[in-house]
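To start, the structure itself, in structure tokens.
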Amino acid sequence: MATSSGSNEPKKSRFRRGRGEAGASKAPGRSSQFKQVFETTRANDPALIPWMVGAFALVFLLFLAIGFGFGHPIYFGILGLLFGLLVAMVVLARRANTAIYKSISGQPGASAAAMSSLRRGWFFEQEPVGADMGRSRQVKDLSSAAMVYRAVGKPGVVLVAEGPKGGATRLLAQESKRTSRVLGPEVPVHTIRVGTDDEAVPVERLTKDMQKLPKVLTDDESGQVTKRLRALGGLKPGVPAGVDPNKARVNRAAMRGR
């Protein structure tokens, strides 16, 4: 009877080992994620490091002073070190949010990327409800295209336009008039133009301004308004092919360090 000359220990499954290695390679560590967020933010925000260092130093010195006052400088110094690091991370997160929005400012779909972070209670259309290519008829050239996005919430209907000032203003007025004619005077229609000039709202401030609008509708009324607008096929003019607002979507996972 033939006997095995090898060891009696059970062999490991190559398939199982391969799966583990593949899973490990797909999951980047937190250190690499933090490094990516830090480098991206620093590239768009030169004042990031001074703000982080200043916040850390302020908290650490405050705890150290309290420690000397109570006669326990080492204990409070350790607390100051931990809380200082925490505050520095908070500063990084806040400035990363602003820096990422600034990095997509001016790109087609930047408004949609910002509005995708709206909280619960808002109904947001990811596709533009109106578009105007202007003089350019090239599908790939969207630099002269004006687009209008729509969101519905407790403040009513909010129309957000982006693109060249003239085209965006004209298209925003058309969509506002059309929406008001459909919904009537009971539902407020707010208009916001996103841009970098003095009369426009920066993309990083868009959602904050929308949240500050006076609330006049309930959640049920907001849902009914959204359904009514979506049911009107004629309300949504054709959007030129190639307009993909998802290309400018903010990486929320990277901002949270996940």
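- Qualifying side chain to side chain donor-acceptor pair (under 3.5 Å) partners for Arg42, counting only residues two or more places apart in sequence or in other chains: none.
- The environment of NZ in Lys215 is crowded: more than 12 heavy-atom neighbours from other residues, nucleotides or ligands sit within 6.0 Å.
- The CG atom of Leu118 lies 4.5 Å from the CE atom of Met210; values are rounded to the nearest 0.5 Å.
- Of the possible polar contacts, none joining the Thr179 side chain to the Ser176 backbone as a donor-acceptor pair under 3.5 Å is found.
- Residues satisfying the side chain to side chain donor-acceptor pair (under 3.5 Å) criterion with Lys165, sequence neighbours excluded, are Glu199.
- Applying the side chain to side chain donor-acceptor pair (under 3.5 Å) rule to Arg94 yields no partners; only residues at least two apart in sequence or on another chain are considered.
- The neighbour count for Phe38 CZ, taken as heavy atoms of other residues, nucleotides or ligands under 6.0 Å away, is above 12.
- A donor-acceptor pair under 3.5 Å links the side-chain atoms of His190 to the main chain of Pro155, judged by distance alone.
- Val189 and Val216 fall within a single hydrophobic cluster, where Ile, Leu, Val, Met, Phe, Trp and Tyr side chains are chained together by heavy-atom contacts under 4.5 Å.
- Here the side chain of Ser117 pairs a donor or acceptor atom with the backbone of Ala114 at under 3.5 angstrom.
- The aromatic rings of Phe76 and Phe63 sit tilted, their planes meeting at an angle between 30° and 60°.
- Expressed to the nearest 0.5 Å, how far CH2 of Trp122 lies from CG of Asp219 amounts to 11.5 Å.
- Tyr149 and Phe124 have tilted rings, their planes meeting at an angle from 30° to 60° on a 0 to 90° scale.
- A donor-acceptor distance shorter than 3.5 angstrom exists from the side chain of Arg228 to the backbone of Val182, with no hydrogens or angles considered.
- Considering every non-hydrogen atom in both Leu217 and Gly156, the closest pair reads CD1-CA, 3.7 Å.
- With hydrogens and angles ignored, the 3.5 Å screen pairs no side-chain donor or acceptor of Gln126 with any backbone N or O of Ala112.
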